[in-house]
Amino acid sequence: MDSLAIVKTNYNVELIESKIILTRKKELTSSTKNIATAIAQISRHKKNTVHVLEKPKKTYKDILAMDIETTHATPLLGEIKVISVYGKDLQLVTEDVNEVRHLLNDTEVLKVFHNASFDVTWLRTHGFSVKSYTDTLVMSQILNNHAKKGNSLKEIAKTKLGVDLNKAYQHADNWVGELTEEHKKYALMDAKATYEVFLKFSKAISEKHLDIVLDREINAMDAIIELNMNGIQFDYTGWESELKDMEVESTQLLETLRSTLSLPTLNLQSPIQVKAALHEFGIPVEGTADEVLAKFEDQFAVIKELRRYKKLRKQLNSYGEKLKNAIDSDGRLRGNWKLCGTDTFRMTCKEPNLQGMPGISKPYFKARDGHTFIVADYSTIELRILAEITQDKELVQAFQSGEDLHNKTAAFVFGKGSSEPISSTERKVGKIINFGLVYGMTKWGLQKKINAALDHPIELYEAEAFRSRYFELYQGVLAYQDEMIRSDFILTLGGRYWTEGHCMLPKGAIARFNYPIQSSCAEGLKESLTLFLQDRKQTWQLAAVVHDEIVLEVPDSEVKEASQFLKDCMIGGMGCIVKQIPIEVDINHAKYWVK
DNA sequence: GCCATCACG
DNA sequence: ACGTACGTGATGGCA
């Protein structure tokens with residue numbers, strides 16, 4: 001059979017410039033690892049990464065052995081205008097997707113798209129089955145180690161192939177009327193470029209030992225396509241009655257605040273105006289952020305009202321009318337999900353951001369008739385990953401014995417004996433310390449955070465004392481941070497890495513602590529999603545994925561079975577990444593999105 | 001277009 | 001060691 005490759009580009013590629021250009025070019029005293037040891041390390045990971053429930057789907061190597069086929073489709077105003085196919089022995093451009101229906105469905109032909117989740121979502125939504133596909137966007141993200149920079153087909157074609165793709169033709173204005181030869185030429189050029197990029201990237205990924213990373217992402221891609229398609233039902237009528245109360249209260253507060261501050265036209269949504277007004281009123285705020293205002297709440301009633309007002313405006317502005325307009329005709333909210341949305345390869349979602357819905361709105365996300373949501377989340381997963389990475393004796397011991405880590409930390413920093421009880425305030429402090437110091441929080445940051453959460457403020461020296469006590473207990477964490485600062489090679493538990501010559505190392509020291517943990521967590525979650533997709537019943541559908549949480553929508557009668565299965569997938573998937581620390585999953589179910 | 005702010009993890 | 005905890009998306013104000 002002939003080799004083909006299917007490529008598709010969308011005309012709405014979004015590029016967000018990164019603004020963080022911190023340059024910390026400290027002497028990276030080549031700590032331990034050079035590239036050779038890196039590769040050895042990654043190979044070891046590769047061997048260890050075994051799915052617990054079932055062997056993985058097709059691996060990337062298997063896919064390469066197949067015939068390759070490429071399509072390029074140009075969506076226009078939400079529709080695919082043309083689809084072009086470029087392969088070694090097949091090249092075509094057509095307005096009728098039916099012409100490639102068999103090709104899309106053929107498991108023996110690998111389809112290559114640029115930004116596959118977009119195209120496959122469209123195709124499946126329009127009744128085309130798409131089997132065996134891969135994505136040059138994800139390949140580019142893996143090779144660049146950047147999620148949103150330099151991954152457009154245009155840029156890649158330019159830098160990797162030296163080809164100028166004229167993207168101007170993709171503009172809607174250029175597609176009015178008949179399809180001309182000119183159109184076809186450009187469409188085919190995109191497909192050809194994608195085909196060539198694919199071949200180039202395949203080689204590079206293999207050379208850099210990133211096959212397991214690519215496999216993991218591609219295997220999980222069906223999950224976000226499903227999220228794109230399914231959406232999640234939202235009861236706006238119910239939410240609206242909540243909004244109405246908020247609107248009334250907000251209007252009253254606006255009036256009260258303006259009158260108290262003697263400024264009848266004051267815009268309370270303007271930080272500049274509010275700050276000036278409060279100064280005039282005799283309150284020396286340094287800003288108008290909530291944690292700043294909180295310090296003055298006890299002294300001034302006006303601050304309490306202002307905080308409430310700001311909270312209400314946030315809900316109303318971001319999740320009111322805006323949300324209503326996002327609801328599809330079938331009553332469901334559909335986001336635009338990305339598989340590798342962040343540089344740590346966490347997933348993201350926008351328009352609307354279903355990963356950022358406020359807790360107060362969650363009860364209005366409702367399962368369809370006869371269905372129930374299963375909401376499962378990992379318990380303290382990032383701290384468990386920290387334990388796995390650092391092998392810190394105390395952390396490992398705490399998790400293996402099932403000890404409450406926040407209590408443990410609190411007991412130690414407060415110098416409590418083993419039999420002395422830990423108050424809820426002390427545990428709260430323990431929690432802040434655990435989460436904050438993992439990422440290199442300083443004494444200033446720690447003081448600020450603790451003071452924002454507690455009634456009685458602490459002094460800087462106290463925060464400093466907590467910090468030293470923490471590192472006294474968890475010496476492995478200190479050693480890890482020290483290592484990460486100096487290292488010129490940073491590795492995740494699943495085989496991603498940052499090093500000179502392959503990708504940019506994270507710039508700031510703090511990002512160096514955080515990247516391996518957040519990335520490893522994302523890797524484990526994707527392994528879980530793959531396990532889920534492999535063996536779930538078709539009636540168990542993904543409704544949302546929020547970093548450490550998976551929400552399913554399942555028939556009422558299958559809640560128990562699906563819950564157990566999901567839990568097994570989540571523990572098994574994370575277990576591919578985290579091998580020595582036990583993984584715990586909390587699982588709930590309800591007719592709405594329970595917290 | 002950038003900043004400050006705040007929703008989520 | 002950095003610059004004061006990481007990663008996002010969305011909003012309104014402001015220049």
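Throughout, protein chains are lettered first and strands after them, A, B, ... in sequence-line order, and every chain is numbered starting at 1.
Separating the C1' atom of C:dG3 from that of B:dC6 is a span of 22 Å, rounded to the nearest Å. Comparing the P positions of B:dC3 and C:dT4 gives an interatomic distance of 14 Å, to the nearest angstrom. Going from the P atom of C:dC2 to that of B:dA7 covers 32 Å, rounded to whole Å.
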Would you write the dot-bracket representation of DNA chain C, where each base gets (, ), [, ], | or . depending on whether it forms a Watson-Crick or G-U pair under 3.5 Å and with which partner? .....|||||||||.
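Rounded to the nearest 0.5 Å, atoms CG (A:Leu227) and CG (A:Leu542) are 5.0 Å apart. Between A:Leu323 atom CG and A:Trp239 atom CH2 the span is 8.0 Å, to the nearest 0.5 Å.
Counting heavy-atom neighbours within 6.0 Å of A:His146 NE2, excluding the residue itself, gives a total above 12. Within 6.0 Å of atom NZ in A:Lys362, more than 12 heavy atoms from other residues, nucleotides or ligands are found, so the atom counts as buried in its surroundings.
Counting non-hydrogen atoms under 4.0 angstrom, A:Gln481 reaches nothing in the nucleic acid. Using a 4.0 Å heavy-atom cutoff across all strands shown, A:Lys275 reaches no nucleic acid atom at all.
For the pair A:Glu382 CD and B:dC8 P, the computed distance is 17 Å after rounding to whole Å. We find that CZ of A:Arg467 is positioned 10 Å from C1' of C:dT4, with the value rounded to whole Å. In this structure, A:Asn514 atom CG and B:dG9 atom C1' are separated by 11 Å, rounded to whole Å. When the P atom of B:dC8 is taken as reference, atom CG of A:Asn353 falls 11 Å away, rounded to whole Å. When rounded to the nearest whole Å, the span between CG of A:Leu268 and C1' of C:dC14 equals 17 Å.
For A:Asp235, the salt bridge (Lys or Arg N to Asp or Glu O under 4.0 Å) partners are A:Lys366, not counting sequence neighbours.
Residue side chain A:Arg346 reaches the base of B:dG9 through a donor-acceptor N/O pair under 3.5 Å, judged by distance alone.
For the pair A:Arg384 and A:Tyr378, the NZ or CZ position fails the cation-pi test of under 6.0 Å to the six-membered ring centre and within 45 degrees of the ring normal.
The side chain of A:Lys314 lies closest to C:dG9, out of B:dG9, C:dC2, C:dG9.
In this structure, the ring of A:Phe489 has its center less than 6.0 angstrom from the ring center of A:Tyr497.
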